[in-house]
A.B. asks: 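My structure is below; once you've seen it, I'll send some questions.
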Amino acid sequence: TFTSNFIKFFIIIFLLSNQLNCCIASTIGPRNRLTNRRNNIAKCIKSKYGLYNPAITVLLISNDDGTTFKMHPNVRLSYSSTVNRRHGLQEPGIIELSPGIFWLWMRTGAGYQYQSYSMDNLNTFTPPEPSRFTSPDSPMAIERLDENTLVAVYNPIPNYNGREKTRWGAGRTPLVVRKSTDNGKTYPISRTVDRERGGYVDIAADSKARRIYALYEDKYGITDHLAV
């Protein structure tokens with residue numbers, strides 16, 4: 001069932017996180033399956049980071065439906081910005097926009113989700129750059145509902161100088177969902193999920209029911225569940 005598969009993939013990611021001594025962005029979902037082979041899965045992770053060791057993004061590939069993963073030897077994405085450099089490129093996600101063309105996004109402390117593209121079936125990636133998605137130091141989650149529909153859940157307001165922030169959440173408010181019906185070219189449809197605080201979000205898609213399930217932490221540190 002959908003629920004059991006979601007739990008199974010969450011366990012796989014938890015085990016990978018401990019084995020590789022790194023931090024996994026999110027669970028594996030339908031967005032991670034490659035079109036060139038049914039059992040191929042692509043997954044991005046980040047290394048641990050510190051003040052003098054900003055996070056980098058690397059890529060894991062599975063050719064056996066997630067049973068084992070190998071790290072891509074040529075993909076190590078970093079950025080040279082001196083703004084909040086200790087954060088680096090964190091909590092990445094990846095989705096296949098069309099056969100062989102991939103879009104990768106990454107949390108930063110520079111006011112935007114950063115992005116990178118692969119146009120050659122994951123062999124190389126473009127240099128990371130700011131995306132259209134403004135953001136505080138907070139992750140973004142994206143899932144695919146069908147061939148043309150993508151749904152993004154994230155915090156849209158960056159931590160600009162002078163912004164008033166609550167004592168919880170590091171500026172992770174509000175939490176919004178945006179919908180694209182043209183395979184990510186535009187995201188004209190939006191809805192507020194939580195106006196007070198919502199962070200550490202992850203989502204899963206149920207294409208048959210046309211629903212997105214979101215898990216996030218509210219201002220009390222409680223994980224909320226939402227069906228969109």
Side-chain angles (χ1 to χ4, degrees), residues 9-10 12-29 31-37 39-144 152 154 158 184 200-202:
F9 285 131
F10 181 85
I12 290 172
I13 288 303
F14 178 79
L15 293 174
L16 276 171
S17 177
N18 285 284
Q19 180 180 355
L20 294 172
N21 194 30
C22 59
C23 188
I24 303 296
S26 60
T27 54
I28 297 175
R31 69 180 182 274
N32 303 107
R33 297 188 179 277
L34 282 60
T35 57
N36 58 348
R37 254 188 227 174
N39 293 326
N40 281 15
I41 295 175
K43 187 64 195 172
C44 289
I45 63 172
K46 74 173 182 69
S47 69
K48 285 189 173 182
Y49 72 98
L51 181 60
Y52 302 106
N53 185 26
I56 61 172
T57 287
V58 298
L59 182 66
L60 297 180
I61 300 291
S62 173
N63 297 316
D64 52 16
D65 203 27
T67 301
T68 61
F69 284 83
K70 290 184 179 180
M71 191 173 294
H72 195 298
N74 301 322
V75 179
R76 292 174 62 87
L77 298 177
S78 60
Y79 79 149
S80 58
S81 172
T82 58
V83 179
N84 289 320
R85 178 170 171 76
R86 72 182 181 88
H87 297 285
L89 300 174
Q90 302 183 57
E91 298 189 74
I94 190 169
I95 197 166
E96 191 169 15
L97 296 176
S98 59
I101 299 177
F102 291 81
W103 175 45
L104 188 155
W105 65 92
M106 298 151 282
R107 163 188 166 183
T108 74
Y112 291 88
Q113 297 286 325
Y114 268 49
Q115 66 182 9
S116 177
Y117 289 90
S118 174
M119 313 299 288
D120 55 8
N121 202 32
L122 302 175
N123 290 313
T124 61
F125 281 83
T126 61
E129 62 181 356
S131 73
R132 77 184 75 189
F133 294 96
T134 55
S135 176
D137 185 14
S138 180
M140 178 171 69
I142 295 181
E143 273 289 1
R144 180 180 294 283
Y154 72 114
Y200 306 105
V201 65
D202 200 5

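By convention here, the first residue in the shown sequence is residue 1.
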A.B. asks: Roughly how far, to the nearest 0.5 Å, is the OG atom of S135 from the CE atom of M106?
C.D. replies: 12.5 Å
A.B. asks: How far does CG of L77 sit from OH of Y114, to the nearest 0.5 angstrom?
C.D. replies: 13.0 Å
A.B. asks: Let me know which of P92, S116, P128 forms a side-chain contact (heavy atoms from CB on, under 4.5 Å) with T57.
C.D. replies: P92
A.B. asks: With rounding to the nearest 0.5 Å, note down the distance linking CE in M140 to OG1 in T134.
C.D. replies: 10.0 Å
A.B. asks: May I have the step-by-step check of side-chain hydrogen bond (donor to acceptor under 3.5 Å, both in side chains) for Q113 and S131, ending in yes or no?
C.D. replies: CA-CA 6 Å; Q113 297 286 325; S131 73; over 6 Å; no
A.B. asks: Would you compute the distance between atom CG of N123 and atom CZ of F102 and round it to the nearest 0.5 angstrom?
C.D. replies: 10.0 Å
A.B. asks: Taking atom CG of L104 and atom CD1 of I95, what is their separation to the nearest 0.5 Å?
C.D. replies: 11.0 Å
A.B. asks: Say you draw a straight line from CE of M119 to OG1 of T124; how long is it, rounded to the nearest 0.5 Å?
C.D. replies: 9.5 Å
A.B. asks: Would you say that F125 contacts N74 through its side chain, given a criterion of any heavy-atom pair below 4.5 Å between the two side chains?
C.D. replies: no
A.B. asks: Specify whether F133 and Y154 have parallel, tilted or perpendicular ring planes, treating 30° as the upper limit for parallel and 60° as the lower limit for perpendicular.
C.D. replies: perpendicular
A.B. asks: R76 versus V58: any side-chain heavy-atom pair under 4.5 Å?
C.D. replies: yes
